[in-house]
Colleague: 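Here you go, one structure.
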Amino acid sequence: MKILKCGDGRELITGDPKLVNIFRKIEKIIGPNELCAIIEGETGTGKENVARAIHHHSGRRGKPFVAVNCAAIEENLANSELFGHQRGAFTGADKDRKGIFEQAEGGTLFLDEIASLSLENQARLLRVLQEREITRLGSVSGPIQVNVRVVVACGDSLM
């Protein structure tokens, strides 16, 4: 029997040798490593708990863990949700708003159902991962540096 701590009192428990091996990799390799990660699995298999365990076993443990279901983000609001916006950027933007990348600063951002985002927004995410900076919608002050570990999840396969 193997127990994997996920933080906030959550635990994953298994006796399955394959899962025991995965749990050990999360604790020893994936968690402490700063690289981004992709988790694949069917709905209800605990992908978010695995992402929480990765965060819990990392040096980012004391920083925010922000989980977002990308399928629930309206396409026309995706830019604002992900990267934030400046006051006046669009009708109804009456104040500056931090996006989820800024909310997760220093910690881990878990993007579930990543494949549900448009290809355009996936390309924007790739740019953020490469450059480690975001630009709020309507910003005239330029990019904002972000220090976020990104863990994404999708169904059985990205294809």
Colleague: Side chains of Ile144 and Glu133, heavy atoms from C-beta outward: is any pair under 4.5 Å?
Modeller: no

Colleague: Tell me whether His57 contacts the main-chain N or O of Ile29 through its side chain, where contact means a donor paired with an acceptor under 3.5 Å.
Modeller: no

Colleague: Any heavy-atom pair between the side chains of Leu129 and Cys36 that's under 4.5 Å?
Modeller: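 They are in side-chain contact.
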
Colleague: Where the side chain of His55 meets the backbone of Lys63, is there a donor-acceptor pair that is under 3.5 Å apart?
Modeller: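 Yes, the answer is positive, given that a donor and an acceptor are paired below the 3.5 Å cut-off.
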
Colleague: Where do Pro64 and Ala104 come nearest, in terms of heavy atoms and distance?
Modeller: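 Smallest heavy-atom distance, with atoms named: CB-CA, 4.2 Å.
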
Colleague: Could you report the tightest heavy-atom contact between Cys70 and Leu111, atom names first, then the distance?
Modeller: SG-CB, 3.8 Å

Colleague: Got a second to check how far Ile38's CD1 is from Ile114's CD1, nearest 0.5 Å?
Modeller: 9.0 Å

Colleague: Looking only at the side chains, is there a donor atom on one of Asn79 and Arg136 sitting less than 3.5 Å from an acceptor on the other?
Modeller: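 Per modelled atom types, Asn79 and Arg136 side chains form no pair under 3.5 Å.
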
Colleague: Main chain of Phe65, side chain of Arg60: is a donor-acceptor contact present, judged purely on distance under 3.5 Å?
Modeller: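 No: the side chain of Arg60 does not pair with the backbone of Phe65.
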
Colleague: Any chance you could measure Cys154, atom SG, to Leu117, atom CG, to the nearest 0.5 Å?
Modeller: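 Cys154 SG to Leu117 CG: 12.0 Å, rounded to 0.5 Å.
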
Colleague: What closest approach, in Å, do Ala51 and Ile39 show between heavy atoms, and which atom pair accounts for it?
Modeller: N-CD1, 3.8 Å

Colleague: Under the salt bridge (charged side-chain N to carboxylate O under 4.0 Å, His left out) test, which residues partner Lys2, sequence neighbours left out?
Modeller: Glu27

Colleague: Hydrophobic cluster membership, with links at side-chain heavy-atom distances under 4.5 Å among I/L/V/M/F/W/Y: are Val66 and Val50 in one?
Modeller: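 Result: no, two separate clusters.
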
Colleague: Check Lys47 with Glu40, please: is the shortest side-chain N to carboxylate O separation under 4.0 Å?
Modeller: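 No, Glu40 and Lys47 are not salt-bridged.
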
Colleague: Hey, what else clusters with Leu119 if you join Ile, Leu, Val, Met, Phe, Trp, Tyr whenever side-chain heavy atoms sit under 4.5 Å?
Modeller: none

Colleague: List for me each residue that meets side-chain contact (heavy atoms from CB on, under 4.5 Å) alongside Ile30, sequence neighbours excluded, and say none if there are none.
Modeller: Lys25, Ile26, Ile54, Arg149

Colleague: For the atom pair CD1 (Ile13) and NZ (Lys5), what is the distance rounded to the nearest 0.5 Å?
Modeller: 9.0 Å

Colleague: Show me the pairs that pass salt bridge (Lys or Arg N to Asp or Glu O under 4.0 Å) and involve residues 74-86, at least two apart or across chains.
Modeller: Glu81-Arg97

Colleague: Same cluster or not: Val128 versus Phe110, using hydrophobic residues (I, L, V, M, F, W, Y) connected whenever any side-chain heavy atoms lie under 4.5 Å apart?
Modeller: no

Colleague: Can you list, by chain and residue number, the hydrophobic cluster partners of Leu35 when the side-chain cut-off is 4.5 Å?
Modeller: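 So far as hydrophobic clustering goes, Leu35 is joined with none.
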
Colleague: Compare all side-chain heavy atoms of Val148 with those of Val150 and state whether any distance is below 4.5 angstrom.
Modeller: yes

Colleague: Do Val68 and Asp112 have side chains that approach each other closer than 4.5 Å (heavy atoms only, starting at C-beta)?
Modeller: no

Colleague: Looking at Ser80 and Leu77, would you say the former's side chain and the latter's main chain have a donor-acceptor pair under 3.5 Å?
Modeller: no

Colleague: Taking Glu11 for its side chain and Cys6 for its backbone only, find out whether a donor-acceptor pair lies under 3.5 Å.
Modeller: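 Side chain of Glu11 to backbone of Cys6, a donor-acceptor pair under 3.5 Å: no, none is there.
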
Colleague: Search all heavy atoms of Phe83 against all heavy atoms of Thr135 and return the closest pair with its distance.
Modeller: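 Closest pair (atom of Phe83, atom of Thr135, distance): CB-O, 3.7 Å.
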
Colleague: Which pairs, with at least one residue in residues 115-130 and sequence neighbours excluded, count as a salt bridge (Lys or Arg N to Asp or Glu O under 4.0 Å)?
Modeller: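 Salt bridge (Lys or Arg N to Asp or Glu O under 4.0 Å) check on residues 115-130 returns Glu120-Arg124, Arg127-Glu131.
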
Colleague: CG of Leu19 to OG1 of Thr14: how many Å apart, nearest 0.5 Å?
Modeller: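 So the CG of Leu19 and the OG1 of Thr14 are separated by 4.0 Å.
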
Colleague: With the side chain counted from C-beta on, respond yes when Arg52 and Asp8 share a heavy-atom pair under 4.5 Å apart, and no when they do not.
Modeller: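 Touching, per the 4.5 Å side-chain cut-off.
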
Colleague: May I ask you to test the Ile134-Glu102 pair for a side-chain heavy-atom distance under 4.5 Å?
Modeller: yes

